[in-house]
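First comes the structure, then the notes that go with it.
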Amino acid sequence: QHARGLTVQCVAAPEQVTTRVQRNKNMAKLQAGYLFPEIARRRKAHQEKHPDAKIISLGIGDTTEPIPPFIVDAMKKSSEGLGTLEGYSGYGAEQGTPALREAICKRLYEKVGRKPNEIFVSDGSKCDIGRLQLMFGADVTVALQDPAYPVYVDSSVIMGMTGGHNGTGFDNIQYMVCRPENDFFPDLSKAPRTDIIFFCSPNNPTGAAATREQLTELVAFAKKNGSIIVYDAAYALYISDPNCPKTIYEIPGAEEVAIETCSFSKYAGFTGVRLGWTVVPEQLRYADGFQVINDFNRIMTTVFNGASNVAQAGGLACLQDDGWKQMLDLVAFYKENAAILRKTFQDMGFTVYGGENAPYVWVGFPGQKSWDVFAEILEKCNIVTTPGSGFGPAGEGFVRASAFGHRENVLEAVERFKAVYGNK
Ligand code: MLT
């Protein structure tokens with residue numbers, strides 16, 4: 001074609017090849033991307049715009065400090081063993097090695113009546129939440145704390161337990177609002193019955209740890225309603241307050257209504273190594289009397305082939321006296337970071353929650369949109385945080401700062417925050 005002397009070539013758009021497979025309609029209900037990849041995308045865009053900026057991440061709760069030596073040595077020995085005839089092993093038990101199941105039980109659960117066969121070792125809590133959802137199926141109803149770790153909501157949506165997004169949240173999910181006004185514990189007198197209740201303590205993102213009284217109330221609520229609590233204890237070792245239980249099974253009767261999931265990720269720096277576990281008590285039964293543990297065993301043996309043998313050797317070392325001590329030191333280090341961040345925001349006049357029994361500090365920016373605050377902090381401080389609303393509607397007006405950073409970065413972040421917000 002010739003137009004005004006220019007030669008314009010028409011290039012046909014390449015033909016789009018499609019399959020005849022319909023997209024899972026539940027996937028289509030999800031909002032944008034999963035929270036943390038979305039944050040990573042924004043961080044990358046900021047870095048491209050400001051190539052020289054030294055960005056500090058207080059965003060995703062990813063550990064940064066080396067794995068303690070006793071634990072690393074155990075993994076080294078295990079991997080070296082794999083290179084020998086005697087030390088080689090292939091598939092292990094899908095539920096984990098008996099030695100590790102026993103060690104987890106002995107260290108954390110024996111005193112609250114749990115048994116090694118109730119402990120299923122895995123590649124992490126996030127994956128176990130997905131597998132629990134697979135076990136429950138699409139026909140159950142779900143409640144969760146708002147704000148909450150996004151995996152509970154998104155996996156419920158993917159499974160088809162929910163309706164569409166209504167602009168605020170998903171239909172058919174009960175959002176149990178947890179804000180300063182209710183001490184971050186839901187008003188259960190107003191909460192409707194659901195089959196499943198996701199509950200995370202210490203909470204990600206608010207950092208609030210539920211007290212013995214609150215958990216007693218939660219267990220009574222689940223019993224009254226015949227619900228199952230999925231109790232996420234991934235940050236339990238960060239609890240200092242003696243009145244906040246480190247496992248739901250400290251509450252009498254919890255074994256009849258609760259599954260607990262936990263992980264080495266935030267204790268021993270295993271976010272990359274991948275190792276966690278889920279406890280399903282023998283006493284926990286479905287409406288027809290069938291034991292839930294049998295179904296979970298069926299799920300694990302069907303869609304999981306056992307955690308890495310090297311990771312399990314590391315997990316075992318975490319639970320031996322030397323490893324346990326080094327692991328607690330690591331937790332204490334991150335807790336110091338949390339205390340530094342908490343104090344910084346407090347000194348600047350912000351209202352701050354969390355950071356005492358958890359590695360997350362929850363900072364209030366009343367009247368502001370969390371994503372706007374996130375963008376402002378990124379722009380002015382070159383610091384990545386996590387917008388509170390990313391964890392649910394009740395997280396609006398907050399941002400979360402993670403304490404999982406190198407100390408020098410945390411201290412540098414403090415200086416940057418002070419320079420921008422010091423005269424608030
Ligand atoms: C977080 O930042 O909330 C956590 O790192 C997410 C996770 O543990 O998967």
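For ligands, and for the atoms within them, numbers begin at 1 and follow the listed sequence.
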Charged N-O contact under 4.0 Å between [X] and [Y]:
{"X": "Asp187", "Y": "Lys190", "result": "yes"}
{"X": "Lys325", "Y": "Asp322", "result": "no"}
{"X": "Asp321", "Y": "Arg107", "result": "yes"}

Could you tell me whether Asn204 approaches ligand 1 through its side chain, its backbone, both or neither, with non-hydrogen atoms closer than 4.0 Å?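 Side chain only; the backbone of Asn204 stays clear of ligand 1.
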Honestly, for Tyr360 the part within reach of ligand 1 (heavy atoms, under 4.0 Å) is side chain
One finds that the ligand 1 atoms under 4.0 Å from a non-hydrogen atom of Ile60 are 2 (O), 5 (O)
Do Asp62 and ligand 1 have an N or O pair less than 3.5 Å apart? no
Check your understanding: Looking only at distance, does Gly61 have an N or O less than 3.5 Å from an N or O of ligand 1?
Key -> yes
Answer with yes or no after comparing the ring centroid distance for [X] and [Y] against a 6.0 Å cut-off, counting only values under it.
{"X": "Tyr149", "Y": "Tyr152", "result": "yes"}
{"X": "Phe417", "Y": "Phe345", "result": "yes"}
{"X": "Phe296", "Y": "Phe120", "result": "yes"}

among protein heavy atoms, the one nearest atom 4 (C) of ligand 1 is Lys266 NZ, 3.4 Å
Residue, atom and distance of the protein heavy atom nearest atom 9 (O) of ligand 1 read Tyr149 OH, 2.5 Å
